[in-house]
K.L.:
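Submitted below is the structure of interest, expressed as structure tokens.
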Amino acid sequence: MAISGGQALGRRRQLSDEVADYVRELIMSGQVRHGEFLRLERVADDLGISVTPVREALLSLRGEGFVTLEPRRGFMPAPLTRQDVQDLFEAQAYFAGELAARAAGKITEAELATLDRTQAQLEEASEARDSAAIERANHEFHRVINLCAGSPKTAWLLRLVVRYAPRRFYSSIEGWTQASVDDHHLVLAALRAGDAEGARQAMRAHIRHAGTLLVVHLEGQGFWKDQPG
């Protein structure tokens, strides 16, 4: 069956969005940094796609201020300070906390059972050091809470900032997986008790913890050694 022009355009936009996510994660996990160029061909090869959606993604990231375009040289990550990272996670903590608080007043026994199963999957994946399964279970845990909150606009705002968290590279950040396992228990306890404020604070502490671990990870890589901060 032939693909229509609209379908082809939609697929290209989807590819561009996927590339943008990948590049954000490369930058946020410290795998590329300011001063290093993002080679279109290398990114395309890594993802098994053509150069066109890579170029479109990098232009989009330039519009976000996440990369810069150096004349006749190519794209480079924009400077990223400790404060930038902390600000991104503080924004994420705010919206995730609000959604958790709202979920606490609505969550059903069936949804709590789903969270329990997902948490068990996360812990099994952590024991097995299965990074892909860790990412899936962690994502599902938060997705269930966010859907339960019934606040689509707040969830949309959260998605805007969550895309800067390096989901694909969780396993490379020391302590991140164990933090998720441990912190989720506190969130679950508050949700089970119907404690909105407890859920809000537990979720915010969880997200801030993740941000702190990322800062420590980047510092350990010498990410800021040539930057003032």
K.L.:
Would you give the length of the straight line joining atom CG of N138 to atom CZ of R143, rounded to the nearest 0.5 angstrom?
P.N.:
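Interatomic distance, N138 CG to R143 CZ, rounded to 0.5 Å: 13.0 Å.
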K.L.:
Between L147 and L158, is there a shared hydrophobic cluster once you connect ILVMFWY residues whose side-chain heavy atoms come closer than 4.5 Å?
P.N.:
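No, L147 and L158 fall in different hydrophobic clusters.
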K.L.:
Would you indicate whether the side-chain heavy atoms of W224 and V215 approach each other to under 4.5 Å?
P.N.:
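Of all side-chain heavy-atom pairs linking W224 with V215, at least one is under 4.5 Å.
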K.L.:
For the hydrophobic clusters of this structure (ILVMFWY residues joined by side-chain heavy atoms under 4.5 Å, transitively), does one cluster hold both L186 and V181?
P.N.:
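No, L186 does not connect to V181 through the hydrophobic network.
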K.L.:
Mind running salt bridge (charged side-chain N to carboxylate O under 4.0 Å, His left out) on E140 and R117 for me, showing each step along the way?
P.N.:
CA-CA 10 Å; E140 179 64 11; R117 287 194 300 272; over 6 Å; no
K.L.:
Ignoring hydrogens, what is the shortest heavy-atom contact between L99 and A149? Give both atom names and the distance.
P.N.:
O-CB, 3.3 Å
K.L.:
Could you give the distance from CZ (F95) to CH2 (W156), rounded to the nearest 0.5 Å?
P.N.:
9.5 Å
K.L.:
Quick one: does any side-chain atom of K106 pair with a main-chain N or O of C148 as donor and acceptor, under 3.5 Å?
P.N.:
no
K.L.:
Test E111 against T108 for side chain to side chain donor-acceptor pair (under 3.5 Å), laying out the working first.
P.N.:
CA-CA 5 Å; E111 288 163 335; T108 66; 3.2 Å; yes
K.L.:
Taking CD in E109 as the centre, count heavy atoms belonging to other residues, nucleotides or ligands within less than 6.0 Å. Is the count above 12?
P.N.:
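For E109, atom CD is not crowded (no more than 12 foreign heavy atoms under 6.0 Å).
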K.L.:
Yes or no on side chain to side chain contact (heavy atoms under 4.5 Å, CB included) for V161 and F89, after CA distance, side-chain angles and deciding distance?
P.N.:
CA-CA 8 Å; V161 290; F89 277 85; over 6 Å; no
K.L.:
Can you get from L80 to M76 by hopping between Ile, Leu, Val, Met, Phe, Trp and Tyr side chains that sit under 4.5 Å apart?
P.N.:
no
K.L.:
What are the two closest heavy atoms between A20 and A57, and how far apart are they?
P.N.:
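So the minimum-distance heavy-atom pair works out to N-CB, 3.6 Å.
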K.L.:
Looking at M203 and A100, what are the two nearest heavy atoms and their distance?
P.N.:
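Distance-wise, the nearest heavy atoms are CB-CB, 3.8 Å.
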K.L.:
With a 4.5 Å limit on heavy-atom distance, are the side chains of R39 and V43 in contact?
P.N.:
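Side-chain contact under 4.5 Å: no.
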K.L.:
Do L58 and R62 make a side-chain contact, defined as non-hydrogen atoms from C-beta onward lying under 4.5 Å apart?
P.N.:
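Of all side-chain heavy-atom pairs linking R62 with L58, none is under 4.5 Å.
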K.L.:
In sequence, state the C-alpha distance, the side-chain angles, and the governing distance for Y94 and I207, and then conclude on side chain to side chain contact (heavy atoms under 4.5 Å, CB included).
P.N.:
CA-CA 9 Å; Y94 175 80; I207 302 301; over 6 Å; no
K.L.:
Can you name the closest pair of heavy atoms from G198 and A190 and give their distance?
P.N.:
C-CB, 3.6 Å
K.L.:
Got E41 and V54 here, is their nearest side-chain heavy-atom distance under 4.5 Å?
P.N.:
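Not touching, per the 4.5 Å side-chain cut-off.
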K.L.:
So does P77 get a backbone contact from the side chain of H34, meaning a donor-acceptor N/O pair under 3.5 Å?
P.N.:
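Between the backbone of P77 and the side chain of H34 there is a qualifying donor-acceptor contact (under 3.5 Å).
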K.L.:
Short question: side chain of R73, backbone of F37 - any donor-acceptor pair under 3.5 Å?
P.N.:
no
K.L.:
To the nearest 0.5 Å, what is the distance between CZ (R204) and CG (D183)?
P.N.:
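The CZ atom of R204 sits 15.5 Å away from the CG atom of D183.
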K.L.:
Do L15 and L59 share a hydrophobic cluster, counting only Ile, Leu, Val, Met, Phe, Trp and Tyr and linking them when any side-chain heavy atoms are less than 4.5 Å apart?
P.N.:
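Yes, L15 connects to L59 through the hydrophobic network.
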K.L.:
Before you tell me yes or no, could you show the steps for Q121 and R136 under side chain to side chain contact (heavy atoms under 4.5 Å, CB included), namely the whole-Å CA-CA distance, both residues' side-chain angles and the distance that decides it to 0.1 Å?
P.N.:
CA-CA 9 Å; Q121 291 167 0; R136 286 195 300 271; over 6 Å; no
K.L.:
Quick one: does E36's side chain get under 4.5 Å of Q31's, heavy atoms only?
P.N.:
no
K.L.:
Using atom types as modelled and distance alone, determine if a side-chain donor or acceptor of S60 lies under 3.5 Å from a backbone N or O of E56.
P.N.:
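No, because the side chain of S60 does not come within donor-acceptor range (under 3.5 Å) of the backbone of E56.
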K.L.:
Is there a side-chain contact between M28 and L88 in this structure, where contact means two heavy atoms from C-beta onward sitting under 4.5 Å apart?
P.N.:
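The answer is yes; the side chains approach within 4.5 Å.
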K.L.:
One pair to check against salt bridge (charged side-chain N to carboxylate O under 4.0 Å, His left out): D21 and R24. What are the steps and the verdict?
P.N.:
CA-CA 5 Å; D21 287 343; R24 286 190 200 97; 2.8 Å; yes
K.L.:
Output the distance between atom OG1 (T177) and atom CD1 (I134), rounded to the nearest 0.5 Å.
P.N.:
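Reported value, rounded in 0.5 Å steps: 4.0 Å.
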K.L.:
Please tell me if the side chains of L214 and W176 come closer than 4.5 Å, counting only heavy atoms from C-beta onward.
P.N.:
yes
K.L.:
Have a look at L61 and tell me which of V67, L69, T68 forms a side-chain contact (heavy atoms from CB on, under 4.5 Å) with it.
P.N.:
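That would be V67; it is the only one of V67, L69, T68 passing the side-chain contact (heavy atoms from CB on, under 4.5 Å) with L61.
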K.L.:
Distance only, no hydrogens: is a donor on one side chain within 3.5 Å (strictly under) of an acceptor on the other, for E123 and H185?
P.N.:
yes
K.L.:
If every non-hydrogen atom of G65 is compared with every non-hydrogen atom of A78, which pair is closest and at what distance?
P.N.:
O-CB, 3.4 Å
K.L.:
Side chains of L188 and Q119: closer than 4.5 Å at any heavy-atom pair?
P.N.:
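The answer is yes; the side chains approach within 4.5 Å.
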K.L.:
Could you label the plane-to-plane angle of the H142 and H184 rings as parallel, tilted or perpendicular, counting under 30° as parallel and over 60° as perpendicular?
P.N.:
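The arrangement is perpendicular - the two ring planes meet at more than 60°.
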K.L.:
If hydrophobic clusters are built from ILVMFWY residues whose side chains come within less than 4.5 Å, do L26 and I49 share one?
P.N.:
yes
K.L.:
Please test L122 against F141 for side chain to side chain contact (heavy atoms under 4.5 Å, CB included), starting from the C-alpha separation and ending with a verdict.
P.N.:
CA-CA 9 Å; L122 175 63; F141 184 90; 6.0 Å; no
K.L.:
Is a side-chain donor-acceptor pair under 3.5 Å present for T52 with R55?
P.N.:
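No, because no side-chain N or O of R55 sits under 3.5 Å from a partner of the opposite role on T52.
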K.L.:
With rounding to the nearest 0.5 Å, note down the distance linking CD1 in I145 to CG in L191.
P.N.:
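Between atom CD1 of I145 and atom CG of L191 there are 5.0 Å.
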K.L.:
About how many Å separate CG of L213 and CZ of R208, when rounded to the nearest 0.5 Å?
P.N.:
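CG of L213 is found 14.5 Å from CZ of R208.
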K.L.:
Decide whether Q178 and S180 meet the rule of one side-chain donor and one side-chain acceptor closer than 3.5 Å.
P.N.:
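S180 and Q178 do not have a side-chain donor-acceptor pair below 3.5 Å.
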K.L.:
Would you say the side-chain atoms of E90 and Q86 include a donor-acceptor pair closer than 3.5 Å?
P.N.:
no
K.L.:
Charged N to carboxylate O below 4.0 Å: is that the case for R192 and D116?
P.N.:
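Looking at D116 together with R192, the answer is yes, because their closest N to O distance falls below 4.0 Å.
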